[in-house]
Amino acid sequence: MTQMKIAVAGASGRMGRMLVEAIQNADDALLAGALDVPSAPELGTDAAAFLGKPAGVLIEADLAKGLAQAAYLIDFTRPEGTLKHLDYCAAHGIKMIIGTTGFDEAGKAAIAAAAKKTAIVFASNMSVGVNVTLKLLEMAAKSFSHGYDIEIIEAHHRHKVDAPSGTALMMGEAVAGALGRKLDDVAVYGREGITGERDPSSIGFAAIRGGDIVGDHTVLFAGIGERVEITHKSSSRVTYAQGSLRAARFLRDKSSGLFDMQDVLGLR
């Protein structure tokens, strides 16, 4: 089988290095490019040097150089960077796996438009376990549609810049959708002071930031006399890297279209 020629955005960051390592260890993948911001100290160095086995791929700030040999780009950076990469990839037919979070509606619309020109898997969480959890949440929400209050608690490392996490929002959307509601209409993102009684139709969110927590998410269904908690905990970013490679494999025979991990895993 022909190897997938994959480039990594943010190649010198924590997630970028995890992706580089996963690609280097995959028989069906080849590291074909590496990108980072112009201010990155590692710019111009071998993207796999930290593994002790150089790949012969330098980290570039110039998109044309960094993506010259790539058929895929895996991007877990920030919205402003991802959108610049998106324009280039759409224009050059490079497939994208986007794990970046924090997009506004305009950003999401830009991704959908680009998917008419190239194939894209866009998901706030690439973990196989998280996406199976989303399916479990849909099932649970339908059974707990009356008499149960729903709260979503998430925890991440101190460096995360957006809240709630994209995964928490995905969970909220899965639960709200199963209940026939729109998350924007029922979400409560913070409570302080005299808030009054809880609206039984609401879905509450709480975000915790600290230390090196990779990502913990719990959805609480609290009824009278019992409560059910569905929890997913990530102990390593490797699960996101492996999920990203699975997404790339899914795109092998796709030339265009917008997909998510539910599509990749056949859970739709």
Query raised in the report: Do Val238 and Met18 come within less than 4.5 Å of each other through their side chains, counting heavy atoms only?
Result: yes
Report task. Check the hydrophobic clustering (I, L, V, M, F, W, Y; side-chain heavy atoms under 4.5 Å; chains of links allowed) and say if Val264 and Phe76 are grouped together. Result -> yes
In a table with atom names and distances, give each donor-acceptor pair under 3.5 Å that connects a side chain of residues 92-107 to protein atoms at least two apart or in another chain.
residue: His92; atom: ND1; partner: Tyr88; partner atom: O; Å: 2.9
residue: Lys95; atom: NZ; partner: Leu251; partner atom: O; Å: 2.7
residue: Lys95; atom: NZ; partner: Arg252; partner atom: O; Å: 3.1
residue: Lys95; atom: NZ; partner: Lys254; partner atom: O; Å: 2.8
residue: Thr100; atom: OG1; partner: Asp75; partner atom: O; Å: 3.3
residue: Thr100; atom: OG1; partner: Asp75; partner atom: OD1; Å: 3.3
residue: Thr100; atom: OG1; partner: Thr77; partner atom: N; Å: 3.1
residue: Thr100; atom: OG1; partner: Thr82; partner atom: OG1; Å: 2.8
residue: Thr101; atom: OG1; partner: Asp162; partner atom: OD2; Å: 3.0
residue: Asp104; atom: OD1; partner: Ala106; partner atom: N; Å: 3.2
residue: Asp104; atom: OD1; partner: Gly107; partner atom: N; Å: 2.7

Query raised in the report: Got a donor-acceptor contact below 3.5 angstrom from the Asn131 side chain to the Asn125 backbone?
Result: yes
Query raised in the report: Restricting to pairs with a member in residues 161-198, which pass ring-ring contact (aromatic ring centres under 6.0 Å, His included), not counting sequence neighbours?
Result: Tyr189-Phe205
Requested in this report: Please report the closest heavy-atom contact between Ala140 and Ile230, naming both atoms and the distance.
Outcome: CB-CD1, 3.8 Å
Query raised in the report: Transitively linked via ILVMFWY side-chain contacts under 4.5 Å: Leu267 with Leu136?
Result: no
Report summary line: Sorted by chain and residue number, the salt bridge (charged side-chain N to carboxylate O under 4.0 Å, His left out) partners of Asp46 (sequence neighbours excluded) come out as none
Requested in this report: Indicate if Met261 and Met4 have the same hydrophobic cluster label, given that clusters are the connected sets of ILVMFWY residues with side-chain heavy-atom separations under 4.5 angstrom.
Outcome: yes
Query raised in the report: Side chains of Arg191 and Arg198: does their closest heavy-atom pair fall under 4.5 Å?
Result: yes
Report task. Could you check if a side-chain atom of Leu73 sits within less than 4.5 angstrom of a side-chain atom of Leu35, using non-hydrogen atoms only? Result -> yes
Query raised in the report: Below 4.5 Å, heavy atoms only, C-beta onward: do Arg246 and Met126 meet side chain to side chain?
Result: no
Between side-chain atoms of residues 5-16 and protein atoms elsewhere (two or more places apart, or another chain), which donor-acceptor pairs fall under 3.5 Å?
residue: Ser12; atom: OG; partner: Asp36; partner atom: OD2; Å: 2.3
residue: Ser12; atom: OG; partner: Glu42; partner atom: OE1; Å: 3.4

Requested in this report: To the nearest 0.5 angstrom, please state how far the CG atom of Leu31 sits from the CD atom of Gln3.
Outcome: 11.0 Å
Report summary line: When rounded to the nearest 0.5 Å, the distance separating CD1 of Ile213 from NE2 of His157 is 9.5 Å
Query raised in the report: Taking side chain as C-beta onward, heavy atoms only, is Val219 less than 4.5 Å from Ile150?
Result: yes
Query - Residues in salt bridge (charged side-chain N to carboxylate O under 4.0 Å, His left out) contact with Arg209, at least two apart in sequence or another chain - result: Glu154
Query - Arg268 with Asp260: basic N within carboxylate O range, under 4.0 Å - result: yes
Query - More than 12 heavy atoms from other groups under 6.0 Å of CZ on Arg158 - result: no
Query raised in the report: Looking at CZ of Arg17 and CZ of Arg237, how far apart are the two atoms once the value is rounded to the nearest 0.5 Å?
Result: 12.5 Å
Report task. Give, for atom CG of Leu19 and atom CD of Gln242, the distance between the pair rounded to the nearest 0.5 Å. Result -> 9.5 Å
Requested in this report: Taking the side chain as every heavy atom from C-beta outward, state whether Thr133 and Met171 have any pair of such atoms under 4.5 Å apart.
Outcome: yes
Query raised in the report: Which pairs pass ring-ring contact (aromatic ring centres under 6.0 Å, His included) with one or both residues in residues 9-63, sequence neighbours excluded?
Result: none
**Report entry** Heavy atoms from other residues, nucleotides or ligands near CG of Asp253 exceed 12 (cutoff 6.0 Å)
**Finding:** yes
Query raised in the report: Considering residues, nucleotides and ligands other than Lys117, do more than 12 of their heavy atoms fall under 6.0 Å from its NZ?
Result: no
Query raised in the report: Side-chain heavy atoms under 4.5 angstrom apart, residues restricted to Ile, Leu, Val, Met, Phe, Trp, Tyr: same cluster for Val20 and Val37?
Result: no
Query - With His156 via ring pair (Phe, Tyr, Trp, His ring centres under 6.0 Å) - residues at least two apart - result: His217
Query - Connected via hydrophobic side-chain network under 4.5 Å: Ile120 and Tyr240 - result: no
Requested in this report: Look at atom CD of Gln69 and say whether more than 12 heavy atoms of other residues, nucleotides or ligands are closer to it than 6.0 Å.
Outcome: no
Report summary line: In short, ring-ring contact (aromatic ring centres under 6.0 Å, His included) pairs touching residues 246-268 with sequence neighbours left out are Phe250-Phe259
Listing, residues 172-185 side-chain donor-acceptor contacts under 3.5 Å, not counting sequence neighbours, or none:
residue: Arg181; atom: NH1; partner: Ser201; partner atom: O; Å: 2.8

Report task. Report yes or no: does Ser127 contribute a side-chain atom to a donor-acceptor pair with the main-chain N or O of Gly129 at less than 3.5 Å? Result -> yes
Query - Interatomic spacing from OG1 in Thr167 to CG in Asp216 - rounded to 0.5 Å - result: 11.0 Å
Side-chain donor/acceptor pairs under 3.5 Å, residues 55-67, sequence neighbours excluded:
residue: Asp62; atom: OD2; partner: Ala64; partner atom: N; Å: 3.1
residue: Asp62; atom: OD2; partner: Lys65; partner atom: N; Å: 2.9

Query - Tyr72 and Leu245, any side-chain heavy atoms less than 4.5 Å apart - result: no
Report task. Measure across Ala110 and Leu83 and return the closest heavy-atom pair with its distance rounded to 0.1 Å. Result -> CB-CD2, 4.1 Å
Query raised in the report: Who pairs with Tyr148 by ring pair (Phe, Tyr, Trp, His ring centres under 6.0 Å), at least two apart in sequence or on another chain?
Result: Phe144
**Report entry** Euclidean distance, Ser202 OG relative to Asp149 CG, rounded to 0.5 Å
**Finding:** 7.0 Å
Requested in this report: Could you name each residue pair satisfying ring-ring contact (aromatic ring centres under 6.0 Å, His included) that touches residues 2-24, not counting sequence neighbours?
Outcome: none
**Report entry** Whether over 12 other heavy atoms sit under 6.0 Å from His159 NE2
**Finding:** yes
Query raised in the report: Under 4.5 Å between any side-chain heavy atoms of Pro164 and Ile152, yes or no?
Result: no
